[in-house]
Structures are given as C-alpha cells and as structure tokens.
Amino acid sequence: MLKIYDTAQRAIVDFVPRTEGAASMYVCGVTPYDIAHLGHGRTAVVFDIMRRHLTHRGYAVTFVTNVTDIEDKIIARAAAKGTTESDLAQVFQDEYWQQMDRLDVQRPDEMPRATEFVPQMQALIAELIAAGRAYVIEGSGVYFDVASLEDYGKLSRRSLEQLIDSAGSRVAVDDDKHSPVDFALWKAAKPGEPEWNSPWGLGRPGWHIECSAMALEILGEGFDLHGGGDDLVFPHHENEIAQAEGAGHPFARYWLHSAMVMVGSEKMSKSAGNFPSLASAIDAHGAATFRWVVVRTHYRRQMEITDDALRAAGAEMEGFNALARRAHRGGIAAAPTADISAFLSVMDNDFDTPNAVAVIHGWRSAANSALDDGRADDASALVAQVRAALAVLGITLDDGSANGGDAEIDALVEARAEARRAKKFAESDRIRDELAGRGIVLEDTSSGTVWRRS
RNA sequence: GGCGGCGUAGCCGAGUGGUUCAGGCAGAGGUUUGCAAAACCUUGUACAUGGGUUCGAAUCCCAUCGCCGCCUCCA
C-alpha cells in the first residue's frame with residue numbers, strides 16, 4: 001500500500017486514487033525568466049521519481065507540468081532585455097528542458113502554457129464572480145474575495161485574522177480591495193504589457209488562476225496529486241484551492257511538497273542571487289550524481305547541495321558504476337527479471353529514498369561478493385536488482401561498454417597487458433602512468449582490464 | 001509577532017520506547033593484486049542542553065539554547 005504525506009492533512013495517509021489503477025498528477029513548473037538552478041533540479045527529480053514509482057506500482061500516471069509564460073518577472077526581464085515575453089520564456093524554457101533531459105527527467109504528458117489557456121481562466125473567473133467569490137474593481141482588475149470562502153487557509157493552516165494582521169507589513173496594499181488579503185484574478189492592462197480581451201476589459205491573468213484552470217481543464221475535478229516546491233504552499237497553492245473550490249469544483253485529493261535547497265544555510269532564490277546553476281553542477285559532477293545527491297535526502301527535508309556533497313555522492317555512484325563494469329567485463333548479464341520488492345515497499349512509505357538507498361547498497365555489496373566468489377547466477381540476479389531499483393530512481397549505470405571506441409587507449413591498454421604477461425612491470429607501469437596522466441584509470445579484473453575516465 | 005521544521009559519531013543521513021546493527025563518504029587495519037585500481041572483511045558505544053515520565057528514551061513530556069523555512073515573487 002502506497003502511503004504519502006499529504007500537506008493538507010499534515011499526515012502520512014494511504015493513497016487512494018480517484019480512479020482505481022490510475023494516478024493524475026499536476027506539478028507546478030517554472031516561470032522561465034532565467035536559467036535553471038539547483039532547486040529546480042531537485043524538485044524536478046523528486047517528482048520524477050514519484051511518477052516513476054507510481055508507474056512501477058502499476059498506476060497509469062497522467063503527469064502534467066505547467067509553464068508560467070506570462071507573469072511580472074517575465075515582463076520585467078523581457079523589457080530589460082529588449083525582447084518579447086514569449087521569446088524570453090521560450091529561451092529559458094528550452095534551457096530548463098535541456099537540463100531536465102540530461103537528468104533523465106521524463107517529459108510530462110501535457111505541458112500547458114498559461115498563455116494558451118486564457119479562455120479557460122476567464123471562464124473560471126466568470127464562475128467565481130457569479131458565485132459571489134470575486135468582484136471587479138474598474139480600471140484595476142478582478143479580485144478573489146477571500147472572506148467569502150469559509151475555509152480559506154486550510155492548506156497552509158492560516159487564519160484570516162492572522163493573514164490580515166501580517167498583510168501590508170511586507171506588501172503595499174491596494175486600498176480599493178475589499179480586504180488586504182484579496183488577490184488578483186485578472187489584472188487590468190498596463191501600457192507596454194501583453195494583454196488579452198476579457199469581459200472586464202483588456203488585461204492579463206493573475207498568477208494563481210492558471211493552475212486552477214489548467215489542472216481542472218486537463219485532469220478534471222478531484223484529480224489525485226498536486227505537487228510543487230514547499231514555498232508554493234502559501235499563497236499559490238492555497239489560492240489555487242480557493243479558486244477551484246470557490247467555483248464549486250473539487251480540486252486535488254492530495255498535496256505533495258518538496259523541501260527547499262539551501263546554499264550556505266540560506267534558502268537559495270533568484271531574488272537573493274544565490275543560485276548555482278543546475279547546468280554547472282551537472283557539468284562538474286554528472287547527471288547521475290546529481291540525482292543521487294537528491295535521492296540521499298528525503299524529499300521533505302531541506303538540504304544543501306554543495307560541491308562536497310556532490311563529490312561524496314559521486315564516490316558512491318562510482319562504486320555502482322564499478323560494479324556495472326565488473327559485471328559487464330566478466331560477461332555477467334543482469335538477469336531479465338529482478339525482485340525489487342524490498343526496495344519498492346520502502347519506497348511505498350512516502351517515497352522513502354534514503355532508506356531505499358540503503359537497500360540498494362546492500363545489493364551492490366552482495367553482488368560484488370558474489371562476483372568475488374565466482375557465483376555467476378547470484379551475481380546476475382543481484383546486478384539486476386541494483387539496476388532495476390536504480391531505474392526507478394531514474395539512474396542508469398555506465399558499464400564502460402561505451403569506452404571501447406577509443407582505439408589509441410585500447411592499444412595502450414593492450415600494450416600494457418602484453419608487457420605484464422612478459423613480466424615487464426617497469427614498462428607496464430610506465431604505460432599505466434601515462435594513461436593516468438590523461439585521466440584514464442585502469443582496473444584489472446579476472447577477465448581482463450577495464451578502463452574509465454577519472 | 002503568527003504558523004511550521006530541524007539540531008544524531010570527521011562529514012552526509014536513517015531511526016520515534018527495549019535483544020544485534022541503519023546505510024554511505026572519509027579514515028585505520030587486513031585479504032586480494034607483480035605493484036596499483038576495483039572489490040571483500042574488520043574497525044566508530046553518536047543522538048543540542050537541563051529537567052521529568054518509565055524497569056528502560058536518540059525515540060514520550062516540559063523548559064532552555066541554536067539553526068532554518070513560510071507569512072512578498074520564488075522549485
């Protein structure tokens with residue numbers, strides 16, 4: 001039985017989908033106005049693993065991730081760069097998916113862009129007005145009337161009083177709004193900004209409405225899982241719920257939130273300017289290592305992704321790759337099927353990847369022992385378990401088979417092997433040192449020498 | 001100020017009342033190897049502090065200290 005931590009209930013609960021055997025999932029995507037950072041990488045990997053695990057458990061998963069391609073930051077950045085909003089969004093969306101592809105993050109089944117769903121947003125806004133949950137301020141826009149919704153704040157556990165108390169202390173309040181906590185559904189057009197026609201005049205959608213409208217449009221009422229970074233709980237997800245339920249549409253059954261990535265004990269954020277790029281981390285340490293460092297910490301726990309952390313994770317990954325190389329060189333093929341039930345049941349407990357990692361390490365160690373002892377069948381089964389479990393985590397091992405293409409290195413490796421056979425160790429060591437100088441590390445196995453780049 | 005989380009051995013990171021242990025990285029010793037590399041084996045009595053509950057607490061309760069997040073755009 002899959003159990004998940006539901007932010008709304010603040011508890012680990014059984015996952016019971018809307019439709020048996022299916023799982024519909026909406027994960028808030030990015031606002032593409034700058035390059036992807038480490039936090040984007042973590043969040044994407046976390047939800048990708050949830051998706052893979054659900055799929056592995058037999059659910060037919062429908063996975064939706066939106067793109068917020070019209071928003072204040074995009075408008076400001078496009079103006080600063082002298083480009084259009086859509087071009088700017090496209091550039092950074094492409095960069096984002098380029099990194100996601102390197103990380104083997106599976107593409108969503110649907111990737112709706114906010115600008116393509118303006119009619120649906122307007123329809124939802126109209127419903128909210130009709131339901132008495134929203135009001136129009138001429139020349140300003142349409143606002144959600146928070147006080148009209150009895151249980152507003154239920155996701156983030158905030159009361160209306162405390163919200164009103166703190167409102168205005170950090171954000172300027174529009175005096176025309178009925179309450180300082182009311183938020184914009186539709187913003188009246190401003191000169192030089194993109195605009196759409198609407199029953200309330202030219203303008204553009206507020207930030208939160210897109211996700212309510214698109215999730216309902218694509219996944220329907222009462223879809224299963226809604227996810228995102230935990231910085232979105234309030235106000236974004238809270239407002240999504242208000243917009244959907246305020247119009248009478250049951251919204252997400254479960255809420256999943258992944259914790260933030262910290263840098264130097266502070267939350268990384270674009271506004272603070274402390275955001276190491278995802279690309280540079282992958283460049284330096286590899287995609288599998290990045291995934292591994294994410295997986296080592298539970299998704300609901302804050303973590304730092306430092307160079308040291310990546311190095312340690314890289315050392316672990318290297319151990320797994322070494323196993324794959326050994327098995328490959330020794331002609332040990334992974335068994336066609338693998339029993340990874342021990343791994344899966346750990347994962348069933350709210351995607352407990354840290355403990356799942358321990359299970360995989362156990363198999364790795366046992367596989368090496370089996371290879372040491374020449375127990376080929378055991379080794380084959382264990383290697384298969386390691387590979388299958390890692391696949392659920394989105395990691396594919398490098399067994400070195402792609403290293404065969406370098407004729408020059410292969411020739412040197414062979415020359416060294418000959419020298420060794422002739423017991424000319426001075427010569428064989430000289431060749432090994434030469435290769436080491438070029439970043440090539442040799443490993444002599446019982447079935448021959450394999451090499452890798454260090 | 002309100003809401004929430006965290007503080008575990010050199011480092012990362014599980015664990016929520018009890019024989020024996022998370023797991024990993026780094027370190028040390030050993031086996032293997034011509035020497036290495038890789039691998040395997042052995043090796044660490046840690047739980048912020050002070051009280052309390054209990055036969056027994058890292059684990060429950062209270063207090064204290066420290067760190068972090070949300071309350072503003074943010075993955």
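A note on names: the letters A, B, ... follow the listed sequences, proteins ahead of strands, and every chain is numbered from 1.
- On the P atoms, G1(B) is 39 Å away from C55(B), given to the nearest whole Å.
- In terms of polar N and O atoms assigned as donor or acceptor, the side chain of Arg311(A) never comes within less than 3.5 Å of the base of C25(B) in a complementary pairing.
- Listed pair Thr297(A) / G13(B) meets the phosphate criterion, a side-chain N or O lying under 4.0 Å from OP1 or OP2.
- Among the heavy atoms of the strands lying under 4.0 Å from Gly39(A) is at least one base atom, whether or not backbone atoms are also near.
- Rounded to a whole Å, the CE atom of Met262(A) is 13 Å from the C1' atom of A75(B).
- Residue Arg42(A) is classed as having no contact, given no heavy-atom separation below 4.0 Å to the nucleic acid.
- Met121(A) CE to Thr115(A) OG1: the interatomic distance, rounded to the nearest 0.5 Å, is 7.5 Å.
- At least one cation-pi condition fails for Arg77(A) and Tyr33(A): the charged atom is not both under 6.0 angstrom from the six-membered ring centre and inside a 45 degree cone around its axis.
- The phosphate of A14(B) has neither OP1 nor OP2 within less than 4.0 Å of any side-chain N or O from Asn355(A).
- Ionic pairing of Lys187(A) and Asp72(A) is present here: one or more N-O contacts between side-chain nitrogen and carboxylate oxygen are shorter than 4.0 angstrom.
- At the phosphate of C40(B), OP1 or OP2 sits under 4.0 Å from a side-chain N or O atom of Arg364(A).
- Residue contacts for Phe234(A): at a heavy-atom cut-off of 4.0 Å it reaches the sugar-phosphate backbone alone, with no base atom in range.
- For A14(B), the OP1/OP2 oxygens have a side-chain nitrogen or oxygen of Arg301(A) closer than 4.0 Å.
- The distance from atom CG of Asn239(A) to atom C1' of C73(B) is 13 Å, rounded to the nearest whole Å.
- Contact annotation: His361(A) does not reach the phosphate of G23(B) (side-chain N/O to OP1 or OP2, under 4.0 Å).
- Atom CD of Glu161(A) and atom P of C3(B) are 13 Å apart (whole Å).
- Between G52(B) and U59(B), the two P atoms lie 14 Å apart (nearest whole Å).
- Rounded to whole Å, the C1' atom of C12(B) lies 16 Å from the corresponding atom of G44(B).
- Nucleic acid contact for Gly29(A): sugar-phosphate only, since backbone atoms but no base atoms lie under 4.0 Å from a heavy atom of the residue.
- In this structure, Arg432(A) reaches the bases: a heavy-atom distance under 4.0 Å links it to at least one base atom across the strands shown.
- The separation between Glu71(A) atom CD and A75(B) atom C1' is 14 Å, rounded to whole Å.
- Relative to the side chain of Ala358(A), the nucleotides G23(B), C3(B), C25(B) differ in distance, and G23(B) lies closest.
- Between Tyr254(A) and His226(A), a ring centre-to-centre spacing not shorter than 6.0 Å is recorded.
- Residue Asp444(A) places a side-chain atom within donor-acceptor reach of the base of A36(B), judged by atom type and a 3.5 Å distance cut-off alone.
- At whole-Å resolution of the value, CD in Gln9(A) and P in G4(B) are 17 Å apart.
- Look at Ser365(A) and you'll find a side-chain N or O under 4.0 angstrom from OP1 or OP2 of C40(B).
- Where RNA chain B pairs in unbroken runs of 3 or more (Watson-Crick or G-U, both distances under 3.5 Å), the stems are B:1-7 with B:65-71, B:10-12 with B:23-25, B:27-31 with B:39-43, B:48-52 with B:60-64.
- Taking the charged nitrogens against the carboxylate oxygens, Asp429(A) and Arg420(A) have no contact shorter than 4.0 Å, which rules out a salt bridge.
- Of the candidate nucleotides A26(B), C70(B), A36(B), A36(B) has the atom nearest to the side chain of Arg416(A).
- Using a 4.0 Å heavy-atom distance criterion, Ala309(A) is classed as making no nucleic acid contact.
- Counting to the nearest Å, the C1' atom of C3(B) and the CG atom of Leu155(A) are 13 Å from each other.
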